[in-house]
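Taking it in order: structure first as structure tokens, then the write-up.
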Amino acid sequence: MWKILGVKAIYIDIPETAKGRLVELAGDGERGVSFKGLMERSDVMFLLNGETEESSFFITVPDDLGPDDIQLMADVVLDIAKTVEFPFIAVDDVEQRYQVIITNNKEPELIGLNKTPGMSSGGVFMPIIKALDSRGRMNPKFFD
């Protein structure tokens, strides 16, 4: 069973559980209130690297957040991780390696209804294809 900041969660609920627990543990001071407001506007995604068994929590913030807001979020998350008496993430009561990444980078969608303009598979790979067969390229077999 997974535990996120001391609360049991199934795999698909890990992002929402993490977000909820971070908000609960942020406190009621000025920093805590600001953090809660920022977290409400942010999305949390969880990824598990099966090879390294490292858990990654991606907090995706809106584009209008400034460096001070992002630093506040990082400080509060770090304070929570340092002060809680239970692991940030555990499986069967064994603490897991983890990282928390705060970002506003959004991956372009290559397929689907919300496809990012100019990012179809042809649009992404066309510069590479053109570079491989363009004029002025030396024949790689020339010196063989």
Side-chain angles (χ1 to χ4, degrees), residues 1-140:
M1 176 55 87
W2 295 84
K3 279 191 178 177
I4 310 302
L5 292 166
V7 173
K8 292 181 181 180
I10 60 175
Y11 186 81
I12 59 173
D13 287 334
I14 290 174
E16 286 303 313
T17 302
K19 184 175 181 176
R21 286 296 287 161
L22 286 170
V23 167
E24 287 174 23
L25 297 170
D28 293 327
E30 183 180 328
R31 284 178 45 176
V33 171
S34 296
F35 177 78
K36 290 174 185 180
L38 296 172
M39 282 299 288
E40 285 179 12
R41 299 176 49 208
S42 303
D43 294 321
V44 177
M45 181 174 68
F46 173 76
L47 294 175
L48 174 64
N49 184 333
E51 187 174 325
T52 63
E53 296 182 356
E54 184 174 76
S55 300
S56 298
F57 294 88
F58 290 89
I59 301 174
T60 306
V61 298
D63 291 334
D64 64 335
L65 258 58
D68 293 336
D69 294 328
I70 293 171
Q71 187 62 53
L72 172 93
M73 292 180 77
D75 291 343
V76 171
V77 170
L78 185 60
D79 288 346
I80 291 169
K82 285 181 175 180
T83 58
V84 293
E85 64 274 0
F86 36 77
F88 198 97
I89 181 169
V91 178
D92 295 329
D93 294 324
V94 176
E95 186 172 5
Q96 304 295 302
R97 292 179 356 147
Y98 71 94
Q99 60 185 347
V100 178
I101 300 165
I102 301 173
T103 182
N104 72 344
N105 185 30
K106 294 174 183 58
E107 292 289 325
E109 291 190 35
L110 302 180
I111 59 173
L113 296 175
N114 300 321
K115 190 166 40 172
T116 305
M119 295 302 288
S120 65
S121 57
V124 171
F125 295 112
M126 196 53 70
I128 297 168
I129 294 167
K130 285 184 178 180
L132 292 174
D133 70 351
S134 63
R135 289 184 177 175
R137 256 179 67 81
M138 186 168 70
N139 184 342

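The model shown is predicted, which means the values in this text are computed figures rather than measured ones. All heavy atoms count here, side chains included; hydrogens, waters and symmetry mates do not.
- Take Asp43 and apply the side-chain hydrogen bond (donor to acceptor under 3.5 Å, both in side chains) test, not counting sequence neighbours, and it matches no residue.
- Taken to the nearest 0.5 Å, the CG atom of Leu38 stands 12.5 Å off from the CG atom of Leu22.
- Every ring pair (Phe, Tyr, Trp, His ring centres under 6.0 Å) that Phe88 has, sequence neighbours left out, goes to Phe57, Tyr98.
- Under the rule for a side-chain contact (heavy atoms from CB on, under 4.5 Å), the partners of Glu24 that lie at least two apart in sequence or sit in another chain are Arg21.
- Closest of all the heavy-atom pairs between Ile89 and Trp2 is CD1-CZ3, 3.6 Å.
- For the atom pair CD1 of Ile70 and OG of Ser42, the computed distance is 9.0 Å after rounding to the nearest 0.5 Å.
- Residue pairs satisfying the side-chain hydrogen bond (donor to acceptor under 3.5 Å, both in side chains) criterion with at least one member in residues 78-87, sequence neighbours excluded, are listed as follows: Arg31-Asp79.
- Taken from CE in Met73 to CG in Leu65, the straight-line distance is 7.0 Å, to the nearest 0.5 Å.
- Looking at Met39 and Val44, their side chains come closer than 4.5 Å, going by heavy atoms from C-beta outward.
- Residues satisfying the side-chain contact (heavy atoms from CB on, under 4.5 Å) test with Gln71, not counting sequence neighbours, are Ala74, Asp75.
- Partners of Glu95 by salt bridge (charged side-chain N to carboxylate O under 4.0 Å, His left out), not counting sequence neighbours: none found.
- Under the rule for a side-chain contact (heavy atoms from CB on, under 4.5 Å), the partners of Asp63 that lie at least two apart in sequence or sit in another chain are Asn104, Lys106.
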Contacts table for residues 4-17: side-chain donor-acceptor under 3.5 angstrom, sequence neighbours left out:
unit_1, atom_1, unit_2, atom_2, d
Thr17, OG1, Asp13, O, 2.8

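- Judged as a side-chain contact (heavy atoms from CB on, under 4.5 Å), and not counting sequence neighbours, the contacts of Asp28 are Lys36.
- Annotation: salt bridge (charged side-chain N to carboxylate O under 4.0 Å, His left out) contacts of Lys3 (sequence neighbours excluded): Asp93.
- Partners of Thr103 under the side-chain hydrogen bond (donor to acceptor under 3.5 Å, both in side chains) rule, at least two apart in sequence or in another chain, do not exist in this structure.
- Shown here are the salt bridge (charged side-chain N to carboxylate O under 4.0 Å, His left out) partners of Asp64, two or more places apart in sequence or in another chain: Arg41.
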